[in-house]
Every structure is written in C-alpha cells, then in structure tokens.
Amino acid sequence: MDILPIGVLSALVGLIGGLVLGMAARLGDFCTLGALEAAAYGEDQRRIRLWGIVLAVAITGAFVAEAAGWADLTSTFYLTISWNPIGSVVGGLVFGYGMALAGNCGFGALARFGGGDLRSLVVVVVMGIFAFATLSGPLAPLRAALLPQVDATAPQGIAHWLAERSGLAPITFALPVAALFLIWALSYAPLRGDRRKILWGIAAGLAVVWCLVGTTYLSRESLGEVGVEAPSFTAPLGRTILYFMTSTGGGITFSVGLVAGVLAGAFAGSAIRGLFRWEACEDPRELGRQVSGAALMGIGGTVALGCSVGQGISAMSTLAFSAPVTLAAIIAGGLLGLRQLIHGFQPD
C-alpha cells in the first residue's frame, strides 16, 4: 500500500483478471454471442454448456471466499442496489438485441479487437460512450425517471435472502446451484471430451473470484475507497475511454486495468493460436448495424446494471436477484436479433 497508490493496485487486480478472461476468449472460445449462435444454429452446445463450468467455478469460489472472510459479496453493487425487475428485463432485452446487431458483446468486442479486428474497436468506443451517456450524461435523467436505481436496505441476493430467513449460511444455498450448473455442463459428452474448453472455463470462473477477493482486500485496506467489483464491460468501457483521454475521469481504476487486461490477454491468445490478423469493415451496412448495436448495448447494459458477463457471470456468482432474469432477457434479445439477421424481418 505504501509503494503503489490504491488505484494502481486495483487496476493490477483488474489487469490480472482481464488477462485470464481475454485468453479464455481466444484460447477457450468463451463468448456469449458465439455460444448462442452455435447452440441455436450450429447444433453445437459446447460453448453454451461451457458457461455451466464458468458459473459453477465462479459461484463456488465466490461463496467459499465469502465464508472464509476473503470476499464481501454484500458490498458489490449487484447486492446493494434494489433490484428493479423491469430494468432487468428491458435492459437485458435491449442489450441482447444490440449484441446480435453488433456481432459481439462488450467483452467479445474487446477480445476480437485484441485479435486485430478493427471493427470491434468501433463497437467498444460507441458502447462506452452510450453507456456513460445513459449513466451520467444526457440520457441519465430519463433513465433515472423511468427506471430509478436506489440503495437497498438488505442484500439483493437469493442465497443471502434465504440465509436471513433460515439462519443458515449463504454458502448452503449457493453450492447446490453451482452443482446443478456443473452437472448441466458435463452431461454434454462433446464438452466432456474438450479439455481445452473445460480448463479455460475453470480459469474464467477463477478470474471472477480473483477480482472479488482482490477488490475486497483493497476495499478493506482503503476504508472503502476501492469498491468490491467483478468483471463487467459496460460502464467500465466508458471509464477506460475517459481515463485514456484525460488521465482523470476517476483516475486509474479496476475498470481500466480490466479492459487493458482483456485486450492484452486476447492479443496473447490470438498470437499463440496464430489467429491474429488485421481486419476492417468493407460493408457500410455492416458497420451501421455494429454502431447501432453498440449503442443499444451501452444503453441496455447500463439500465440492467451489467452486460452479459457482468450480469451473467459476475452477478450470478453472487446469486443476485437480477442475474437469472437479466441473463434470460439477454439470451432472448440475442436470439431474436440473430433470427432477424439470419431469416430477415418478414413474419413466417
């Protein structure tokens, strides 16, 4: 603490977590939209079932860390902001639909940009701008009026809610959920035979736990100056853009380190697999879809309090009320967008 500023230390925590996630994307094919597309149209469920591995590890690790006193899950904003079901559904649907139009979520766009895809840079920048426009910019008053985000009086999590009413520890309710995700994942034989995906799924889940444990430690040491965080890629994109433009805008933080880590990890993973290559957009219509999709993701992710990774993994690792509803809405929006892109917008 005496050697490096607290912000730099939190950025290092994010950097390490981001490195692992970026490599998982490129070496383990960990991607939200790619998983949906492969399952719905490619008849290959390995990538979607991989989420079961990631979630089983993240939930188990998060609640074991909480039981050991290493992680304070109740200090994450997933559990401290009152759950708004309408915000979860609307924000999730908008985010998922935008994800299909853009061809990636925020995390996936970062990973692809790390692999040389310049189109994804456009997605990252536009998504970050619209996230901040919705969070604290010109769209913020409308968001606050329609879907206010207020502090909760009790932890907004399934396991903590059940623990309060039963007198049992939250981990009692979390571990069976993790076990169900693991069983669902490994019941698919093609995934069981793909050790590379399984190992990177475990690594991605542990990256989430690392971020929760690391930021909890720094939060305690800094008396709350650093918040307890886990990976998410909506508002953090905007914070990173502000930092790189001004070196202020909140200074160097966990978010900045996380985004930089994903880029570096994706670059390393692409280089290892020999997949790094520069790509650009040659179709103006494609670019238009990506820009509009990125804008929708920035708005939807802010309303829903997280992206597909932020709600689908980080919030789910805490068993937040919002997580399963938002993830289901993101999946529904993504499938609707994919269907319209593949089959057109004409009714059957």
Main-chain N/O of G7 paired with S10 side-chain donor or acceptor, under 3.5 Å: yes
Side chain T302, main chain L135, donor-acceptor under 3.5 Å: no
Verify same cluster id: V20, I313 (apolar side-chain graph, 4.5 Å): no
Test side chain to side chain contact (heavy atoms under 4.5 Å, CB included) applied to V226 and L9, step by step: CA-CA 10 Å; V226 171; L9 291 173; over 6 Å; no
Residue F77 excluded, over 12 heavy atoms near CZ under 6.0 Å: yes
Flag side-chain contact, heavy atom, 4.5 Å: M99 against N104: no
Side-chain donor/acceptor of Q45 to backbone N/O of E43, under 3.5 Å: no
Spacing of L180 atom CG and L55 atom CG [to the nearest 0.5 Å]: 12.0 Å
Test item: R239 side-chain N/O and S255 main-chain N/O as donor-acceptor pair under 3.5 Å: no
Pair T216, W70: side-chain N/O donor-acceptor within cut-off below 3.5 Å: no
Which atom of A65 lies closest to which atom of V213, heavy atoms considered: CB-CG2, 3.8 Å
Reported CG-to-CG distance for the pair L93 and L336, which is rounded to 0.5 angstrom: 8.5 Å
Shortest non-hydrogen separation from A323 to A315 and the atoms involved: CB-C, 3.8 Å
Side-chain donor or acceptor of T215 paired with backbone N/O of C211 under 3.5 Å: yes
Single-linkage hydrophobic cluster V124~V309, side-chain heavy atoms < 4.5 angstrom: yes
Side-chain heavy-atom pair L296, F95 within 4.5 angstrom cut-off: no
I202 with L27, same ILVMFWY side-chain cluster at under 4.5 Å: no
Shortest non-hydrogen contact from F107 toward A25: CZ-CB, 3.7 Å
Close side-chain approach of I158 to F173, heavy-atom, < 4.5 Å: no
Donor-acceptor pair, side chain of W161 and main chain of P155, under 3.5 angstrom: no
Sub-4.5 Å side-chain heavy-atom contact between V303 and N84: no
Side chain R143, main chain T134, donor-acceptor under 3.5 Å: yes
Test item: side-chain donor near acceptor, Y78 and Q311, under 3.5 Å: no
Check: S82/Q149 side-chain N/O donor and acceptor closer than 3.5 Å: no
More than 12 heavy atoms of other groups within 6.0 Å of Y41 OH: yes
Evaluation steps, side chain to side chain contact (heavy atoms under 4.5 Å, CB included), between F30 and W200: CA-CA 8 Å; F30 176 54; W200 281 111; over 6 Å; no
Residue pair T74 / T80, side-chain heavy-atom distance below 4.5 Å: no
Over all atoms of both residues, closest heavy-atom pair of S308 and W51: O-CH2, 3.6 Å
Distance-only side-chain donor-acceptor flag, T326 / S88, under 3.5 Å: yes
Neighbour count above 12 (heavy atom, 6.0 Å) for R195 CZ: no
Between S187 and R49, a side-chain donor and acceptor under 3.5 Å: yes
Euclidean distance, S292 OG relative to M297 CE, rounded to 0.5 Å: 9.5 Å
F321 ring center near H160 ring center (under 6.0 Å): no
Side chain to side chain contact (heavy atoms under 4.5 Å, CB included) between I241 and M245, intermediate numbers included: CA-CA 6 Å; I241 292 169; M245 288 193 306; 3.9 Å; yes
Within one Ile-Leu-Val-Met-Phe-Trp-Tyr cluster: F267 and F233, side-chain cutoff 4.5 Å: yes
C105 vs L33 side-chain heavy atoms within contact, under 4.5 Å: no
Validation row: I81, Q156 side chains within 4.5 angstrom (heavy atoms): no
Minimum side-chain heavy-atom gap Q290-V126 below 4.5 Å: no
N/O donor-acceptor pair under 3.5 Å between R47 side chain and D29 backbone: yes
Separation of I330 CD1 from C307 SG (nearest 0.5 Å): 7.0 Å
Donor-acceptor side-chain pairing of R26 and S270 below 3.5 angstrom: yes
Atom of A71, atom of A62 and distance for their closest heavy-atom approach: CB-O, 4.4 Å
CZ/R285: more than 12 non-hydrogen atoms of other groups inside 6.0 Å: no
Same cluster (ILVMFWY, side-chain, under 4.5 Å), V262 and I272: no
Value rounded to 0.5 Å, distance of CZ in R220 from CG in D72: 5.5 Å
From OG (S222) to CD1 (I6), nearest 0.5 Å: 4.5 Å
V123 and F113: CA distance, side-chain angles, deciding distance, side chain to side chain contact (heavy atoms under 4.5 Å, CB included) verdict: CA-CA 9 Å; V123 173; F113 178 45; over 6 Å; no
Positive for side-chain contact (heavy atoms from CB on, under 4.5 Å) with F132, one of T234, L237, L242: L242
Taking every non-hydrogen atom, the tightest pair across A102 and A294: CB-N, 4.0 Å
